[in-house]
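Below is one structure, written out as structure tokens, with a few remarks after it.
For the single chain, residues carry numbers from 1 onward in sequence order.
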Amino acid sequence: MSLDPPDAVAIHYAATSLLYEYQSLVDAKDIDGLARIVHPDVELTRYDGTSTGRAAFLDLYRRFAASDVQVAQHMATNVVATSNDDGTVDVRSAFIAITTHAAGGARQIWGRYHDTMTQRNGRWVLTAKRIAVARTALFDEHMLAPINIDTFGEISRDSDRH
């Protein structure tokens, strides 16, 4: 569907806002917040298949919330929103997520999202969340700088700095 520029800008803004809200809620481990931004029949597709329904969607994030992840930071970029004739919007983007863990170390995960959103009760919600992880990099604790360093100063690379 071809949109006039003001409509295209509004759709892009709605898409990125919902995507950023999703990532912020995941990072905060806010299950109730996530429940508010998904359609009751939301589809979740990952490497292990597709599940349908809000409960199945939230189960993934309950597992995340119960994990040893201490800090999570999801970041999306290259967002492209395309309106469909049925009133839904396809949202494609790239993402990077960085997590630190109670067991030590960090992970960097990157890949692509392909989401679909629609308006329900006056707000945009996800009707489909497709997550394609490209790779995950693991970082041992000794590879991480201390939290309280001056990031503009010299950073020691001694293995005994922790």
Side-chain angles (χ1 to χ4, degrees), residues 11-40 42-82 89-117 123-162:
I11 290 297
H12 189 271
Y13 178 79
T16 54
S17 293
L18 182 59
L19 178 59
Y20 295 165
E21 182 178 10
Y22 157 81
Q23 291 184 315
S24 178
L25 292 166
V26 172
D27 291 344
K29 300 181 179 183
D30 184 344
I31 305 304
D32 293 335
L34 286 165
R36 287 190 296 273
I37 67 163
V38 296
H39 190 277
V42 64
E43 289 184 358
L44 173 65
T45 302
R46 299 176 62 233
Y47 72 93
D48 54 355
T50 299
S51 58
T52 303
R54 184 178 282 142
F57 179 91
L58 294 175
D59 283 347
L60 171 67
Y61 299 100
R62 286 187 188 100
R63 286 194 338 259
F64 178 76
S67 75
D68 81 330
V69 170
Q70 292 178 313
V71 175
Q73 178 66 60
H74 286 74
M75 296 155 278
T77 186
N78 299 10
V79 178
V80 176
T82 306
V89 175
D90 281 324
V91 185
R92 295 177 184 269
S93 61
F95 74 87
I96 295 176
I98 300 170
T99 58
T100 60
H101 299 263
R107 295 177 192 165
Q108 183 179 33
I109 304 100
W110 63 95
R112 301 238 174 231
Y113 294 139
H114 175 192
D115 304 328
T116 304
M117 63 183 213
R123 79 163 283 143
W124 288 99
V125 296
L126 293 170
T127 59
K129 181 80 185 157
R130 301 168 196 95
I131 305 169
V133 172
R135 289 302 298 255
T136 300
L138 306 175
F139 299 93
D140 290 332
E141 187 65 32
H142 76 276
M143 297 173 74
L144 303 175
I147 293 172
N148 60 348
I149 65 162
D150 176 356
T151 58
F152 299 113
E154 185 176 330
I155 299 174
S156 171
R157 297 201 182 266
D158 296 336
S159 61
D160 62 349
R161 70 183 190 289
H162 294 281

Nearest heavy-atom neighbours spanning [X] and [Y]:
X	Y	value
V133	I109	CG1-CG2, 3.6 Å
M117	V91	SD-CG2, 4.1 Å
L58	I31	CD2-O, 3.8 Å
S93	V79	CB-CG2, 3.9 Å
L144	G105	CD1-C, 3.8 Å

From [X] atom [atom1] to [Y] atom [atom2], the distance as rounded to the nearest 0.5 Å:
X	Y	atom1	atom2	result
T16	I11	OG1	CD1	11.0 Å
W124	L18	CH2	CG	9.5 Å
R130	R92	CZ	CZ	7.5 Å
H74	L25	NE2	CG	11.5 Å
R62	L60	CZ	CG	10.5 Å
S51	D59	OG	CG	8.0 Å

Should [X] and [Y] count as side-chain neighbours, where that means a heavy-atom distance under 4.5 Å?
X	Y	value
I98	M75	yes
R135	W110	yes
T136	Q108	no
F64	V69	yes
L44	I131	yes

State whether the number of non-hydrogen atoms from other residues, nucleotides or ligands found under 6.0 Å of R112 atom CZ is greater than 12.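 At most 12 heavy atoms, drawn from other residues, nucleotides or ligands, come within 6.0 Å of this atom.
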Can you name the one residue among D115, T116, T45 that meets side chain to side chain donor-acceptor pair (under 3.5 Å) with K129?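 Exactly one candidate clears the test, D115.
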Taking only residues at least two apart or on different chains, which pairs with a member in residues 11-27 satisfy salt bridge (Lys or Arg N to Asp or Glu O under 4.0 Å)?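 Non-adjacent pairs meeting salt bridge (Lys or Arg N to Asp or Glu O under 4.0 Å): E21-R123.
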Is a donor on one side and an acceptor on the other found under 3.5 Å between the side chain of [X] and the backbone of [Y]?
X	Y	result
H114	A128	no
S17	A14	no
T100	V71	yes
S24	Y20	no
R54	V38	yes

Hey, what's the ring geometry for F95 with Y113, parallel, tilted or perpendicular (30° and 60° as the breaks)?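 Geometry flag for Y113 against F95: parallel rings.
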